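Small disclaimer: the values here were computed from a predicted structure and weren't measured.
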Amino acid sequence: FDVPAIVEESYFFEISKVFARAANITGLKLAPLRIASRDYVAMAVLAPVEQAVTQSTLVEDMGISPNVVLAMIDNLDQLGYTRRVQNPQNRRENVVLLTKKGRHVYDQAVLLVRQAEEELLAPLSVGEREQCRALTRKLYEPSPLHSTNSA
């Protein structure tokens, strides 16, 4: 990248490059399954059999727009990885379920994502990996000092 030094030296720019590398590695690993990273995340939300997951739950849990979730579930349905059924508690809403094929693909994806993680974190020692995970968790936990309602 040819960017000004002030940008190159920023943490935000560095973490963006790490995210891009992680997305690239994961995308290449998941490509044979015909799913993207966000499909994998949706399948992970759907994986626990004991909970019914609606499309609106996916919107909330994944933090993406309803249109994107709809397109994603349409794609997963076409692949035979999910199916939608009417929510027995709210007939205006669909529950999304992993199919048997989808569960098998999800199990494969879990292994492939672990491989992608290994590749991404290969330059780090075991201790550095744990430290990286701990610091990352701290960064995505909401800070009590900052509220989403601040002016």
Side-chain angles (χ1 to χ4, degrees), residues 1-79 81-82 84 94-151:
F1 293 12
D2 188 22
V3 297
I6 193 166
V7 173
E8 183 71 40
E9 295 166 359
S10 77
Y11 179 74
F12 179 80
F13 190 71
E14 289 177 9
I15 201 74
S16 296
K17 290 191 293 186
V18 172
F19 177 79
R21 183 163 183 263
N24 186 328
I25 293 168
T26 305
L28 291 172
K29 294 284 185 190
L30 292 175
L33 302 177
R34 299 171 52 197
I35 62 172
S37 296
R38 70 177 179 203
D39 299 323
Y40 168 75
V41 173
M43 293 171 85
V45 172
L46 300 172
V49 179
E50 64 278 355
Q51 69 183 18
V53 179
T54 63
Q55 288 176 209
S56 57
T57 301
L58 287 171
V59 167
E60 292 169 23
D61 287 359
M62 296 180 68
I64 55 180
S65 78
N67 291 341
V68 172
V69 168
L70 179 61
M72 182 177 53
I73 297 303
D74 284 346
N75 181 56
L76 291 171
D77 280 356
Q78 287 177 342
L79 292 168
Y81 299 166
T82 59
R84 287 176 264 210
N94 286 325
V95 173
V96 184
L97 305 169
L98 278 182
T99 62
K100 186 175 181 179
K101 180 179 180 182
R103 190 157 301 282
H104 176 71
V105 166
Y106 169 71
D107 290 342
Q108 290 178 299
V110 168
L111 298 174
L112 293 170
V113 168
R114 283 187 188 147
Q115 290 174 8
E117 183 178 310
E118 284 297 316
E119 187 175 330
L120 177 70
L121 300 176
L124 304 178
S125 69
V126 172
E128 288 171 330
R129 289 175 187 210
E130 289 308 313
Q131 186 178 20
C132 183
R133 285 184 178 99
L135 292 170
T136 301
R137 279 186 216 105
K138 268 185 152 176
L139 290 174
Y140 70 74
E141 290 172 358
S143 169
L145 300 175
H146 301 293
S147 122
T148 55
N149 297 330
S150 59

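Interatomic distance, Tyr106 OH to Leu46 CG, rounded to the nearest 0.5 Å: 9.5 Å. Note that CD of Glu118 and CG of Leu124 are 10.5 Å apart. Values are rounded to the nearest 0.5 Å. Taking OG1 of Thr99 as the reference point, atom OH of Tyr81 lies at 9.0 Å (rounded to 0.5 Å). With values rounded to the nearest 0.5 angstrom, Ile73 atom CD1 is found 12.0 Å from Gln78 atom CD. Summarising the geometry, atom CE belonging to Met43 is positioned 12.0 Å from atom CG belonging to Leu58; distances are rounded to the nearest 0.5 Å. Between the CD1 atom in Ile35 and the NZ atom in Lys29 there is a gap of 14.0 Å [rounded to 0.5 Å].
In this structure the side chain of His104 reaches within 4.5 angstrom of the side chain of Gln108, judged on heavy atoms. At least one side-chain heavy atom of Arg84 sits less than 4.5 Å from a side-chain heavy atom of Asp74.
A salt bridge does not link Glu117 with Arg114: every distance from a Lys NZ or Arg NE/NH1/NH2 to an Asp or Glu carboxylate oxygen is 4.0 Å or more. The existence of a salt bridge linking Arg21 and Glu119 is excluded, since no basic side-chain nitrogen approaches an acidic carboxylate oxygen closer than 4.0 Å.
Between the side chain of Arg129 and the backbone N or O of Leu121 there is at least one donor-acceptor pair closer than 3.5 Å. For Asn75 (side chain) and Met72 (main-chain N/O), no donor-acceptor pair under 3.5 Å exists by modelled atom type. Under the 3.5 Å distance criterion, the side-chain polar atoms of Ser10 are matched with a main-chain donor or acceptor of Val7. Although no hydrogens or angles enter the test, the distance criterion places no donor-acceptor pair under 3.5 Å between the side chain of Thr82 and the main chain of Leu97.
Each of Ile25, Val41, Leu30 was checked for a side-chain contact (heavy atoms from CB on, under 4.5 Å) with Val113, and the lone residue meeting it is Leu30.
Residue Ala22 comes nearest to Leu120 through the heavy atom pair CB-CD2, 3.8 Å, listed as atom of the first residue, atom of the second, then distance. Here the closest heavy-atom approach between residue Thr26 and residue Ala116 is recorded as OG1-CB, 3.7 Å. Summarising the geometry of Phe13 relative to Val3, their closest heavy-atom pair is CZ-CG2, 3.9 Å, with the distance given to 0.1 Å.
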query = Yes or no on side chain to side chain contact (heavy atoms under 4.5 Å, CB included) for Arg38 and Val68, after CA distance, side-chain angles and deciding distance?
reply = CA-CA 10 Å; Arg38 70 177 179 203; Val68 172; 3.3 Å; yes
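The environment of CG in Leu135 is crowded: more than 12 heavy-atom neighbours from other residues, nucleotides or ligands sit within 6.0 Å.
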